[in-house]
Amino acid sequence: MTASRRTFAIISHPDAGKTTLTEKLLLQGGAIHLAGQVKARGQARRARSDWMKIEQQRGISVTSSVMTFERTDADGNTITFNLLDTPGHEDFSEDTYRTLTAVDSAIMVIDAAKGIEPQTRKLFEVCRLRSVPIITFVNKVDREGRACFDLLDEVADMLALDVCPMSWPVGMGGLFQGILDLKSGKVSRPEGGSKEFLGKVDENVELPEEVAEEIELAQAGYPEFDIEAYRGGDLTPVFFGSALKNFGVVELIEAIANFAPPPRPQPTEAGPVDPEHKEVTGFIFKVQANMDPMHRDRIAFMRLVSGTFKRGMKLTPSGLGKPIAVHSPILFFAQDREIADSAEPGDIIGIPNHGTLRVGDTLSEKNQIRFTGLPNFAPEILRRVALRDPTKTKQLRKALDDLSEEGVIQVFYPEIGSQWIVGVVGQLQLDVLISRLEAEYKVEAVLEASPFDTARWIKGDDKALRDFADFNKMNLAKDRDGDPVFMAKSAWDVSYQQERNPDLTFSATKER
Ligand code: G4P
C-alpha cells in the first residue's frame, strides 16, 4: 500500500500558475469535474471562518489544505496522490514551510517569461534542507517566453542543480505547435483552430529546422535522467507545458507516479522510522484554529509516517504524555471532508482537538518515538509588542507562547529590557496575530517598530557563547525554548559577527 502513495506539494512564486495547475491535476486525476472549483471551494471554506476575514479582505488563503486524487494505470495499479497546498502569496508563513516537511517531493512551477523568482527560490531552499526531490514545470509556453536554454541554465545556476529536459516546446507564443516528449519522440499538438489539447499525439510531425537543432543541442548538453540523482535532490527533470491549455499535465502526473518517491523514512533522534514499521506513528506539521466557527476546535494535521491508522485508535502525543483516542479523524478529499476509517503512511489526517496537539508533536502508539526536523525559520519582520492595558501581561505571555507553539509567530525574550519581540516571515502573520490576540485572548496590543531586522540562532561551545554574550548583551534574546538568539540590525550585522566569531554558527533555521 505504501508504495502506492505520492505525497507532494507545488512550490512557486505568485502568479506562476499554481492554482491553474492544481485544478488541472485534480481534473486529470478525476477528483473534481469542473475547472474553477479549486478557487470556488477556497472561497466557500473561507466564508466559514471568522478570523479568516483577513483572508477575504486580501483575497488570499493563509491556510493550507490537502487534496487527494487517484489514478489507475493500464495494469490496474492505483496510485493515491496527496497534494498539500502551500499558500502562494508573497505573504507566506512558517506554515508554508512546515507543510514542506510533510511531503516526499515537490513540483516547482516556473513562469516561462520570468524564470526563477524570489519566492520560488526561498521555497526551493526549504526543499533542499530536507533533500526533497523536485520536478520542474516550466509553465505558460503558449505565451511568448524566454529561450528554453536560458531557463534551464538559470535553474541549474541559481539552484545549483543538474537539469534534465524531459520535453521540449515546439515553438512558443504565437508559434507554439505542441510539446515534444524527448524520450518517445512524440509530439502532443493542439487541434484545429483551438489550442486546447485533445489528446491527439502525432508521431510524424515535421519539426522546424531550428527546433530540431535545439533539441539535438539539448540532448547532447544536459545529463541523462537519473532517478537516483533526482530522488537524492541533485537533479531536476524539467517539463515544459501550459497549465491553462492543459499541455504537459498528464506527463507531470506520470512523472510523479513513476519517479517521485513513495513515503520516505522520517528522521528521529534514534534514527529514521521506516514506513514499513508496524506501529502507527506520525507528526503534526500544522495546526489550524476555527475551521468550524461553531466550535472552538482546532484541527491538527498529522502526516502518517508508519503503520495503518484505524479510526478510534489510541495514540500518545509526545507533548501530552497520555494517550488520546482519535475517534473522528478527517481525511481531506478534494470535494469534501470525509471521515477516515483508515489511512496509510504518506496520508494526512486531520485530528480535531482543543489545543492539546502542537506543531512538532509526534503521535505514536507506544510513545517511544520522537520525530525531528521541523524547522523554525529566521523571521524577516520583527516587532515589539506593546499592551494597551498593562495589567494583561500574563494573558499576553500565554497568548504569545500558544501562538508561537502553533507556528503563527515566533517570540523572543530579550536579555535586557522587558519588551517582548515577535518575529514573522510574512506581514500577514502580524495581522493574524493582532486579530487572534483580541478574539481569543481578549488582549489588545499594538506592534511597534523594533530596532532589529532579523534574528539568528547561535550555537557554539559554552566559552565561545559566553565571550560573545559579554560583548553583545544588548543584542541577545532567548526563544521560547530558552535557546540563545542573536538579534541583528541588518544582514550585514550577521555576516560581520560571523566573521568575528568563527567558533560560533549563526543559523537562519532551527530544528525543533
Ligand atoms: P498562482 O496560483 O500561481 O498565483 O497562479 P494562477 O494559477 O492563479 O495563474 C496566474 C495567472 O496566470 C492567471 O491569469 C492564469 O489564468 C494565468 N495562467 C496560468 N497558467 C497559464 C498558462 O499556462 N498560460 C497562460 N497564458 N496563462 C496562464 P489571470 O488573468 O491573473 O487570472 P484569471 O482571471 O485568468 O484567473
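Every number for a ligand or one of its atoms is a count from 1 in the order of the listing. Quick note: numbers below take in every heavy atom, side chains included, and nothing from hydrogens, waters or symmetry partners.
For ligand 1, none of its N or O atoms has an N or O atom of Leu21 under 3.5 Å away. In terms of polar-atom proximity, Gly241 is not counted as a contact of ligand 1, lacking any N or O under 3.5 Å from an N or O of the ligand. Taking any N or O of Lys245, backbone or side chain, none lies under 3.5 Å from an N or O belonging to ligand 1.
The CD atom of Glu380 lies 7.0 Å from the OG1 atom of Thr454; values are rounded to the nearest 0.5 Å. Interatomic distance, NZ of Lys24 versus CG of Asn139, reported as 9.5 Å (0.5 Å rounding). Separation of atoms CD1 (Ile299) and CG (Leu357) is listed at 10.5 Å; rounding is to 0.5 Å.
For atom 6 (P) of ligand 1, the candidate residues are Ile10, Asn246, Val138, Thr20; the nearest heavy-atom contact is made by Thr20. Taking only non-hydrogen atoms, the option from Asp111, Asp15, Leu244 nearest to atom 22 (C) of ligand 1 is Leu244.
Taking both residues in full, the closest heavy atoms of Ile253 and Arg71 are given as CG2-CD, 3.5 Å, listed atom of the first, atom of the second, then distance.
A salt bridge is absent between Glu154 and Lys114: the closest approach of a Lys/Arg side-chain nitrogen to an acidic carboxylate oxygen does not fall below 4.0 angstrom. A salt bridge links Arg303 with Asp104: at least one charged nitrogen is closer than 4.0 Å to a carboxylate oxygen.
Listed by number with element, the atoms of ligand 1 under 4.0 angstrom from any heavy atom of Pro14 are 4 (O). Counting the atoms of ligand 1 from 1 in the order shown, those under 4.0 Å from a heavy atom of Asp142 are 22 (C), 23 (O), 24 (N), 25 (C), 26 (N).
Between Phe412 and Phe452, the gap from one ring centroid to the other reaches at least 6.0 Å.
Contact annotation for Ser242 and ligand 1: heavy atoms of both the backbone and the side chain come within less than 4.0 Å of the ligand.
Residue Arg143 places a heavy atom less than 4.0 Å from ligand 1.
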